[in-house]
Every structure is written in C-alpha cells, then in structure tokens.
Amino acid sequence: MRGGRVGDRLLHLWTWLVIVWLSSPIAVMILFGFNDKKSKSNTTWQGFTLRWYGELFDIDDLTTALTNSLVIAVVSTAVTVVIGTMLGLALGRHRFRGKGVTNFLVFAAISTPELVMGASLLSLFVSGNVPRDSVTIIIAHVLFSLSFVVVTVRARVVGLDPSLEEAARDLGASAWGTFRQVTLPSILPGVLAGAMLSFALSIDDYVVTSFVNGSTVTFPLWIVGAVKTGIPPQVNVMGTLIFGIGVLIAIGNAVAARRRT
Amino acid sequence: MRRLTPYLLALPGWMWLAIFLVVPMAAMASVSLQTGNAIDGYAMTFAVSNYTDALGRYSTQLVRSLVYGGLATAAMLVIGYPVAYWIAFRGGRRKSVYLFLLLLPFFVSFVLRTISWNFLLADNGILFGTLKSWGVLPADFHVLATTVAVVGGLTYNFLPFMILPIYVALERVDPRVVEAAQDLYATRTAAFRRVVLPLSLPGVFAGVLMTFVPATADPINAAILGGTANTMIGNIIQTEYLTNLNYPTASALSFTLMAVLLVGIFVYARALGTENVLEAAAR
C-alpha cells in the first residue's frame with residue numbers, strides 16, 4: 001500500500017478543494033450582507049456596515065414574500081407529514097390491493113422533473129379554471145414533498161419489530177393506544193426527518209411555485225424577480241440568518257443523536 | 001375493520017397522487033393536442049402539429065439542454081467520484097463531518113446560491129475584478145453569459161446529489177474484498193478497476209439519474225448565469241406557459257422533454273446492464 005500514500009494525499013486535498021468550492025458562494029452571500037454599498041448594485045465591495053441587519057424588514061414586498069414562504073412551508077409540511085406518514089405506514093406494514101401501483105406513484109413523484117410537475121399542475125388548474133394563490137402553491141408543495149416523507153417513514157416501519165405492537169395489544173391497549181404509545185415513538189425519527197426535508201424543499205422551491213403561484217410571491221420568486229433591478233443586501237442578510245439557523249438545528253440534532261446512543 | 005386499515009391509511013396519499021400527479025399529466029397531454037388561444041379559449045383538435053411546430057422552433061434549445069445536462073453530469077462524475085471514494089475509504093471517524101460540509105450549501109436557497117455565483121463570476125466582481133486589476137487576466141476576460149458559466153453552475157448546484165449515492169455504494173464495499181484482491185496479486189489500479197468500480201456502479205447510476213434529469217430541466221442556472229445566447233428548454237417552457245400563455249406549445253414541449261429523458265434513462269440502463277432501475281434510483 002506504500003505506493004498509495006501520495007494518491008491518498010491528493011484525494012484528501014481534492015476533497016477539501018471541492019468543499020471550499022461548494023462553500024464559496026455561501027461566503028460571498030454572507031460577506032455582501034455586510035457591504036456598505038452606495039449605488040443601486042451590490043456587486044462590488046465598498047466597505048463594512050451592519051446597516052442592513054438593522055433595516056432587515058424595510059422592504060415590504062420582501063418581508064411579505066418571506067412570510068408567505070414560511071406560512072406555506074409550515075402548512076404544507078403539516079399536511080405532508082400526516083398523509084405521508086399514513087401512506088408510509090400502509091406501504092411498510094400492510095399488504096393490500098394496489099400496493100404496487102402506489103409504490104410506483106411514489107417513485108414517479110420523486111423522479112418527475114420539477115419543471116414537468118409544475119407545467120402539468122398549471123395545465124390542470126387552467127383546464128379547470130382554478131384560481132391560483134397560496135392554496136395551489138400548498139397543493140404543489142405537498143405533492144413534491146409527499147414521496148420523501150413516505151420513503152423515510154416506510155424505511156423506519158420496515159425496520160420495526162411487529163411483535164412490540166402485538167405485545168401492546170396483548171396487554172390490552174386499544175388500536176389507537178398502541179399507535180400513540182408504541183408505533184409512533186419508534187417511527188418518530190423517520191417522521192421528523194421527513195418533516196425537515198419537506199419544510200426545506202418547500203421554502204426553497206422556485207420552479208414548481210413559479211407555475212402555480214398566481215399573484216402570490218414567495219421568497220425565491222421575489223429574489224429571481226429582483227435579479228434585473230439588483231438584489232438588495234437584505235436578501236443576503238435573510239439568507240445568512242436562515243443558513244445560520246439551519247446549521248444550528250442540524251448540529252443540535254447531531255449532538256442530541258450522539259447523546260442518545 | 002382491521003382489513004380496511006391499510007386502505008384507510010393509504011387513501012389520502014393515494015388520492016393526492018392521483019388527483020395532482022396523474023390527472024394533471026392527462027390534462028397536459030390533452031392540452032398539448034388542442035388549438036386556440038388564451039382569449040378565445042382552447043378546443044380539442046388532436047393537433048399533432050403542436051409537437052412538430054414546437055420541435056421545429058425549439059430543437060436548438062432542446063438539444064442544448066441535453067448537451068449541457070450531459071456535460072454537467074459528466075463533470076460531476078469526474079469531480080465527485082474521487083471525493084466519495086476518499087470519504088468512504090479514508091474518512092475514518094470524520095466521515096459525518098465531511099458529509100455535513102458537503103451538504104452545507106443546501107442550507108442556502110438554490111436561487112440565492114446561483115445568484116452568489118453570479119456575484120463571484122461578475123466581470124468586475126471580487127474574483128475577476130481583482131485578478132484584472134493585478135493584471136493576471138486581460139481586461140476583456142469574462143465567464144458570465146457563456147456555456148462555461150451555465151454548465152459550471154449546474155455542476156456546482158447538483159454535485160452533492162452525485163457524491164451521496166456513490167458514497168453510499170462505496171461505503172458498503174467491504175475493505176477486506178479489496179485486500180483479498182491485492183493478496184491475489186492485483187495491483188492497486190487493477191483492484192480498483194475490477195473490484196471497487198463494479199461494486200460502486202449502482203451508486204453511479206443513481207447519481208447520474210438524480211443529477212442528469214434535474215440539471216437538464218433546470219431553468220434557473222441558464223436564466224441567471226447564461227445570458228440570452230444560452231437559453232435552455234426550461235426557460236422556453238416557462239416563457240411559453242407564463243408569458244405567452246401558449247399552453248398547447250408549452251405542454252407539447254414539456255411532454256417531449258419528459259419523453260426524451262425517459263428514453264435516455266432507459267437506454268442508459270440497458271447499456272449499463274442494470275437489472276432494476278427503480279431499485280437503484282430509489283436508494
């Protein structure tokens with residue numbers, strides 16, 4: 001293996017180069033949230049300021065867009081988690097007619113390009129004269145997140161020992177009691193992972209949302225709309241704060257998971 | 001009652017998928033064969049000419065999308081495989097830290113990441129502007145609005161989706177298998193080529209599938225990094241649907257895109273001899 005040492009070093013270096021490359025736009029985003037820009041554009045560095053953190057909510061449309069995104073993400077995550085967990089339980093635990101078709105639909109929902117999904121939903125809404133607003137956005141977001149919740153819950157259910165539930169029933173627990181006290185706690189990590197994923201997918205989506213939004217504007221839509229006139233530094237600040245919160249939650253999760261084991 | 005349980009559990013999800021995935025596809029298929037306009041309404045005329053017209057007008061963008069998607073996927077494979085390999089076999093106890101660092105970009109919105117690239121690559125931005133003022137680059141050097149910028153942006157944005165499945169496949173490879181090959185006098189290269197590489201192919205397949213499809217259909221990179229000369233099919237579909245309200249043409253284009261991607265996936269699966277496409281992709 002001695003000949004491999006140089007190769008290993010090169011691979012190690014390569015891995016770090018890729019990590020730096022992947023992180024560089026994040027560094028730029030954080031940096032330009034502190035840019036003391038004088039002109040309209042925010043593309044050259046003009047000095048350090050904390051001003052934009054103070055004026056974070058001064059652009060009304062942007063604040064509305066961010067609020068819309070958060071509300072839509074919370075509602076669609078809640079809906080997705082409930083029906084996704086139910087479907088995941090059915091597919092992971094039970095045998096029933098139509099199971100094969102359902103599995104195929106779940107896979108199809110993951111592999112359809114977002115663009116085609118958005119376009120087909122728009123075709124449906126246009127054909128049916130359905131007005132497009134937050135409701136149609138939530139419908140779309142539930143659709144593309146659903147499969148991810150189903151897959152994570154199903155994986156968890158399959159790994160579960162059915163004799164635990166049988167034991168609970170033998171000890172006189174009702175069906176609902178068994179679910180609440182035995183099944184749910186053991187599949188909870190899968191449900192939570194699915195919930196986090198669907199929240200992240202919802203808050204980040206541009207492509208599908210752009211087809212079904214009507215006049216409702218979400219955070220990503222607002223940003224794309226503002227590209228031509230110039231992205232205000234507040235966008236960078238919001239991005240930085242969301243990034244920070246996300247990283248903190250992820251690290252907290254990892255630490256908690258390590259304690260438990 | 002117990003026999004009904006699975007049906008009751010599956011019903012809401014099943015209905016959601018049927019009403020909002022299957023019916024819309026049928027609606028799109030129907031719209032793609034209609035004639036009319038946004039003001040007078042549309043009527044079903046089985047106008048197959050929508051397809052020939054759309055393809056005649058936008059074949060350049062369709063081919064360009066497939067080429068860009070293919071180039072980006074190839075670049076991701078070349079860049080990502082060594083990373084997945086190193087973390088899986090040499091990552092040791094820090095494996096999860098490396099994976100976390102690779103996933104860091106996903107804590108920032110896709111759109112914002114692409115715009116930050118735009119900042120970074122701007123003609124007089126912090127990178128090229130500085131290099132130009134040092135005289136390292138000629139004053140007329142630029143990357144934005146070129147093929148390199150779009151393919152680079154796609155490569156950047158989807159790279160982790162290539163690395164993760166390959167990592168999962170490599171992680172499952174028992175290092176003792178590699179040692180056995182070397183005990184049997186295989187060189188390092190031969191052991192990699194004959195043992196590790198074939199075992200990692202399901203991961204490569206899943207990675208290619210997870211990156212090629214979204215990269216080919218992505219409208220954001222081309223819109224933000226590409227300028228007017230690098231329009232991709234995603235931008236055309238968006239414009240036809242949302243600005244021109246030309247629903248028949250837009251539907252025909254969407255359907256064609258999906259069909260081409262499906263054929264591509266099928267041919268690729270056959271060429272690679274992968275038995276179970278669904279299983280590899282679902283992992």
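All figures in this text were calculated on a predicted structure; none of them were measured in a lab.
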Problem - Residue pair B:L8 / A:M86, side-chain heavy-atom distance below 4.5 Å - result: no

Practice task
Answer with side chain, backbone, both or neither: which region of B:I79 has an atom nearer than 4.5 Å to a non-hydrogen atom of chain A?
Solution key: both

Fill in the blank from the handout: Rounded to the nearest 0.5 angstrom, the OG-CG distance for A:S147 and B:L21 is 8.0 Å

Practice task
Identify the heavy atoms of A:I26 and B:P105 that sit nearest to each other, and give their distance.
Solution key: CD1-CA, 3.5 Å

Exercise for the section: Considering only heavy atoms and a distance below 4.5 Å, find which of A:V106, A:I203, A:V142 pairs most often with chain B. Expected result: A:V142

Practice task
Decide yes or no for A:F243 and B:L104: does some side-chain heavy atom of the first lie under 4.5 Å from some side-chain heavy atom of the second?
Solution key: yes

Exercise for the section: Locate the shortest heavy-atom distance separating A:I83 from B:G13; write the atom from each residue and the value. Expected result: CB-N, 4.2 Å

Handout entry: Among the listed options B:Y156, B:Y247, B:F255, the residue most often paired with chain A at heavy-atom distances under 4.5 Å
Key = B:Y156

Practice task
Decide if atom CE of B:M44 counts as having more than 12 heavy atoms of other residues, nucleotides or ligands within a radius under 6.0 Å.
Solution key: yes

Problem - Part of A:V79 within contact of chain B (heavy atom distance under 4.5 Å) - result: side chain

Handout entry: A:S127/B:Y42 under side chain to side chain donor-acceptor pair (under 3.5 Å): CA gap, chis, key distance, verdict
Key = CA-CA 9 Å; A:S127 307; B:Y42 297 93; over 6 Å; no

Exercise for the section: Give a yes or no on whether the ring-centroid distance for A:Y206 and B:F110 is below 6.0 angstrom. Expected result: no

Problem - Region of A:L146 that comes under 4.5 Å of a non-hydrogen atom in chain B - result: side chain

Exercise for the section: Measure B:S251 against the heavy atoms of chain A and call it side chain, backbone, both or neither at under 4.5 Å. Expected result: side chain

Fill in the blank from the handout: Turns out that what part of A:N236 lies under 4.5 Å from chain B's heavy atoms comes down to side chain

Exercise for the section: Over all heavy atoms of both residues, which pair between A:A90 and B:P6 is shortest? Give the atoms and the distance, please. Expected result: CB-O, 3.7 Å

Handout entry: B:W14, CH2 atom: more than 12 neighbouring heavy atoms under 6.0 Å
Key = no

Fill in the blank from the handout: Whatever's closer than 4.5 Å to a heavy atom in chain A on B:Q238 counts as both

Fill in the blank from the handout: Bottom line for A:A109: the part with an atom under 4.5 Å from chain B's heavy atoms is both

Practice task
Determine whether B:P219 and A:V207 make a side-chain contact, defined as any pair of heavy atoms from C-beta on separated by less than 4.5 Å.
Solution key: yes

Problem - Student check: side-chain heavy atoms of A:V116 and B:M28 closer than 4.5 Å - result: yes

Fill in the blank from the handout: Whatever's closer than 4.5 Å to a heavy atom in chain A on B:T155 counts as both

Handout entry: Side chain proximity check, B:W117 to A:V28, heavy atoms < 4.5 angstrom
Key = no

Problem - Donor-acceptor contact present, side-chain A:W14 to main-chain B:G80, <3.5 Å - result: no

Fill in the blank from the handout: Heaviest contributor of heavy-atom pairs below 4.5 Å to chain B, chosen from A:L22, A:L87, A:V235, is A:L22

Practice task
Rounded to the nearest 0.5 Å, what's the gap from CZ on A:F104 to CG on B:L17? Could you check?
Solution key: 11.5 Å

Handout entry: Proximity breakdown for B:A250 and chain A, heavy-atom pairs closer than 4.5 Å
Key = neither

Exercise for the section: Can you tell which part of B:L261 gets under 4.5 Å to a heavy atom of chain A, answering side chain, backbone, both or neither? Expected result: side chain

Fill in the blank from the handout: Counting heavy-atom pairs under 4.5 Å with chain B, the top scorer among A:L10, A:T102, A:L89, A:V150 is A:T102

Problem - Heavy-atom check, side chain of A:F125 versus side chain of B:P24, under 4.5 Å - result: no

Exercise for the section: Answer with side chain, backbone, both or neither: which region of A:L143 has an atom nearer than 4.5 Å to a non-hydrogen atom of chain B? Expected result: both

Problem - Contact origin within A:S210 toward chain B - heavy atom pairs under 4.5 Å - result: both

Completion exercise
Comparing A:E114, A:H12, A:M29 against chain B, the one with the most heavy-atom pairs below 4.5 Å turns out to be A:H12

Practice task
Against chain B, label A:I139 side chain, backbone, both or neither, depending on which of its atoms sit under 4.5 Å from a heavy atom there.
Solution key: both

Exercise for the section: Check A:V247 against B:F100 and note the closest heavy-atom contact, atom names and distance. Expected result: CG1-CZ, 4.0 Å

Completion exercise
When every non-hydrogen atom of A:A250 is compared with those of B:F107, the smallest separation belongs to CB-CZ, 3.7 Å

Practice task
Please look at A:F211 and chain B and tell me whether the side chain, the backbone, both or neither of the residue comes under 4.5 angstrom of a heavy atom of that chain.
Solution key: both

Handout entry: Between CG on residue B:L242 and CG on residue A:N213, distance to nearest 0.5 Å
Key = 8.0 Å

Completion exercise
Of A:I242, A:V126, A:I251, the largest count of non-hydrogen pairs under 4.5 angstrom with chain B goes to A:V126

Practice task
Sort out for me which of B:P82, B:A122, B:S32 touches chain A most, counting heavy-atom pairs under 4.5 Å.
Solution key: B:P82

Problem - Test item: B:Y98 side-chain N/O and A:I19 main-chain N/O as donor-acceptor pair under 3.5 Å - result: no

Exercise for the section: Considering only heavy atoms and a distance below 4.5 Å, find which of B:L11, B:L112, B:V31, B:I19 pairs most often with chain A. Expected result: B:L112

Completion exercise
CG of A:L115 to CD1 of B:I236, rounded to nearest 0.5 Å, is 11.5 Å

Handout entry: Proximity breakdown for A:W21 and chain B, heavy-atom pairs closer than 4.5 Å
Key = both

Practice task
Mind ranking A:I245, A:L121, A:V227, A:T112 by heavy-atom pairs under 4.5 Å with chain B and telling me who comes out on top?
Solution key: A:L121

Practice task
Please round to the nearest 0.5 Å and tell me the distance separating atom OH of B:Y85 and atom OG1 of A:T15.
Solution key: 11.5 Å

Practice task
Would you mind reporting whether B:F106 and A:D204 have side-chain heavy atoms less than 4.5 Å apart?
Solution key: no

Handout entry: Gap separating the CZ atom of B:F20 from the CG atom of A:L124, nearest 0.5 angstrom
Key = 7.5 Å

Exercise for the section: Could you tell me whether the side chain of A:R97 reaches within less than 4.5 Å of the side chain of B:Y7, counting heavy atoms only? Expected result: yes

